[in-house]
Chemist: 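Quick one: the structure is below, and I'll ask about it shortly.
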Amino acid sequence: MIPTSGVPDNIAEILLTGTAQVIHQAIADEADIASQMLHSPEMQNVADATTIRDYLERVRGQANRASVLRNRLQSIDHKIHVGRQRDPLLKEYSAELEARRRAHTLDALIEFLLRLKSEPDVLRRYKSLPLVQKDVSQSLRCRIEMAWDWDDILEVRRIFLVKYAMKMADQLTQIAVQIKDDEAIRKVRTLLKKLHITIPTHDDLPDLELPIEDLREILLKGIASLERSYESIRRLDTHREEIRNTVSLLKQMSKRNDSSGASKQGAFRSRPDSNQSNQNGSRMVIAEDLEKKA
């Protein structure tokens, strides 16, 4: 059976305020689910071994990359945490938050830094200001990069779930045509239409050598499975949209931090580029490859 669990509901909270370990654990869990799915018997019938191996490498690459980013983010956020206890600037910030009963978040810290900018002689009074701003910028960058790693693993799951749905729909249509079940054909095509997928109309399919009762049972179970696949794909699309929205929010925070005087570290990548390779795993495999090889 295809693994369909995973992806917590509080994606935004995890990426915005979660520790490095919390973010990494969510990505690692997703990578495990994707790997289990690619190893499942259902997927062995969807794509050839080479294609599956390539996508497994893509998942592993993103998981490894997230591990590197976890260590980096852990170090950066630890510096901010230590600074709250020792640095005069961050001690003032911490005391203010505690007085207002607010949580220690990057957004709250950026707000504090923006107010400092309006004060006279702020750089002379707070020599650590550029370092704090740099730490905030790097923390935001790591969170954005880890978000894209997460999204890329979700994309792999979606690619294979869609391909599985297409193959299943083709088989179910064959059975429905054989037993002349127009309602079943309508259900199958409605589900595919919701996923923006179309399948060809078969006019001369060979009949399956099974009793009609058995074919009808296979058809009903198959449609139920197709409906579950549709719900899984829909949930993945919802979660991926939340990741994109959260990345947009993190980028807005980065711009606010830059306006407080932080040095810019270069442009953020807007979306993982599936046509390029990274240091931890191949990204050469793209969705079109699956269509060609399956």
Side-chain angles (χ1 to χ4, degrees), residues 1-7 27 29-63 149-178 184-185 187-202 205-210 214-215 217-240 272 274-275 281-294:
M1 185 174 180
I2 302 173
T4 57
S5 57
V7 194
I27 297 172
D29 290 344
E30 194 59 51
D32 287 343
I33 292 171
S35 296
Q36 291 175 34
M37 184 190 73
L38 292 173
H39 280 117
S40 67
E42 293 90 343
M43 292 308 163
Q44 306 302 312
N45 296 324
V46 165
D48 59 64
T50 299
T51 301
I52 291 176
R53 185 180 64 247
D54 288 342
Y55 274 90
L56 279 169
E57 182 62 25
R58 175 170 166 179
V59 169
R60 281 193 293 268
Q62 293 309 305
D149 293 337
W150 193 350
D151 181 74
D152 195 47
I153 295 172
L154 293 181
E155 182 180 50
V156 170
R157 281 183 62 191
R158 189 187 195 282
I159 288 170
F160 276 82
L161 283 173
V162 168
K163 191 63 177 177
Y164 174 73
M166 291 174 64
K167 189 175 185 69
M168 179 182 291
D170 199 24
Q171 295 170 344
L172 294 177
T173 300
Q174 174 183 345
I175 296 174
V177 168
Q178 181 175 333
I185 295 174
K187 286 183 179 179
V188 170
R189 296 189 180 280
T190 297
L191 286 171
L192 293 186
K193 185 177 181 180
K194 290 180 180 179
L195 295 172
H196 307 290
I197 299 172
T198 57
I199 60 174
T201 301
H202 298 285
L205 292 170
D207 289 346
L208 299 179
E209 300 298 327
L210 289 172
D214 292 346
L215 291 175
E217 182 179 356
I218 293 172
L219 183 60
L220 291 175
K221 289 182 178 179
I223 289 176
S225 180
L226 185 61
E227 288 174 339
R228 288 193 296 272
S229 295
Y230 162 73
E231 289 299 327
S232 295
I233 294 169
R234 187 184 62 81
R235 284 195 299 272
L236 284 178
D237 288 342
T238 299
H239 291 315
R240 294 185 68 201
S274 298
N275 295 307
S282 171
R283 301 185 59 83
M284 295 298 292
V285 183
I286 56 176
E288 286 76 5
D289 294 334
L290 186 59
E291 297 293 332
K292 296 175 183 177
K293 296 178 183 179

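Nothing fancy with the numbering, it's 1 onward along the sequence. Worth knowing before you read on, the calculation uses all heavy atoms, side chains too, and leaves out hydrogens, waters and symmetry mates.
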Chemist: Looking only at non-hydrogen atoms, find the nearest pair between Ile153 and Ala34 and report the distance.
Modeler: CG2-CB, 3.9 Å
Chemist: OG1 of Thr238 to CD1 of Ile233: how many Å apart, nearest 0.5 Å?
Modeler: 12.0 Å
Chemist: Which heavy-atom pair separates Leu226 from Met168 by the least distance, and what is that distance?
Modeler: N-SD, 3.6 Å
Chemist: So which atom in Ala169 and which in Leu192 form the shortest heavy-atom distance, rounded to 0.1 Å?
Modeler: CB-CD1, 3.4 Å
Chemist: About how many Å separate CG of Leu172 and NZ of Lys187, when rounded to the nearest 0.5 Å?
Modeler: 11.5 Å
Chemist: Minimum heavy-atom separation for Ala47 and Ile52, please, with both atom names.
Modeler: O-CD1, 3.7 Å
Chemist: With a 4.5 Å heavy-atom cut-off, do Arg58 and Asp54 have their side chains touching?
Modeler: no
Chemist: Report the C-alpha distance between Leu215 and Leu219 in whole Å, list the side-chain angles of each, state the deciding distance to 0.1 Å, and finish with yes or no for side-chain contact (heavy atoms from CB on, under 4.5 Å).
Modeler: CA-CA 6 Å; Leu215 291 175; Leu219 183 60; over 6 Å; no
Chemist: How many angstroms lie between atom OG1 of Thr51 and atom CZ of Phe160, to the nearest 0.5 angstrom?
Modeler: 6.5 Å
Chemist: Testing the basics here: between Met43 and Leu38, what is the closest heavy-atom pair and its distance to 0.1 Å?
Modeler: CB-O, 3.9 Å
Chemist: Applying side-chain contact (heavy atoms from CB on, under 4.5 Å), run through Glu42 and Lys167 and close with a yes or a no.
Modeler: CA-CA 10 Å; Glu42 293 90 343; Lys167 189 175 185 69; over 6 Å; no
Chemist: Kindly give the heavy-atom pair with the smallest separation between Leu56 and Ser35, and that separation in Å.
Modeler: CD2-CA, 3.8 Å
Chemist: Which value, rounded to the nearest 0.5 Å, describes the distance between Glu30 atom CD and Ile27 atom CD1?
Modeler: 9.5 Å
Chemist: Below 4.0 angstrom, N of the basic side chain to O of the carboxylate: do Glu57 and Arg60 qualify?
Modeler: yes
Chemist: To the nearest 0.5 Å, what is the distance between CD1 on Ile175 and CG on Leu220?
Modeler: 10.0 Å
Chemist: Using a strict 4.0 Å threshold on nitrogen-to-oxygen distance, state whether Arg158 and Glu155 make a salt bridge.
Modeler: no
Chemist: Given Asp151, which partner from the list Gln62, Arg240, His239 fulfils the side-chain hydrogen bond (donor to acceptor under 3.5 Å, both in side chains) test?
Modeler: Arg240
Chemist: Just to verify, what does Glu227 make a side-chain contact (heavy atoms from CB on, under 4.5 Å) with, not counting sequence neighbours?
Modeler: Leu191, Ile223
Chemist: In plain terms, say whether Lys221 and Glu217 are close enough for a salt bridge, that is, a side-chain N and a carboxylate O under 4.0 Å apart.
Modeler: yes
Chemist: Look only at the side chain of Ser225 and the backbone of Gly222, and say whether a donor-acceptor pair between them is shorter than 3.5 Å.
Modeler: no
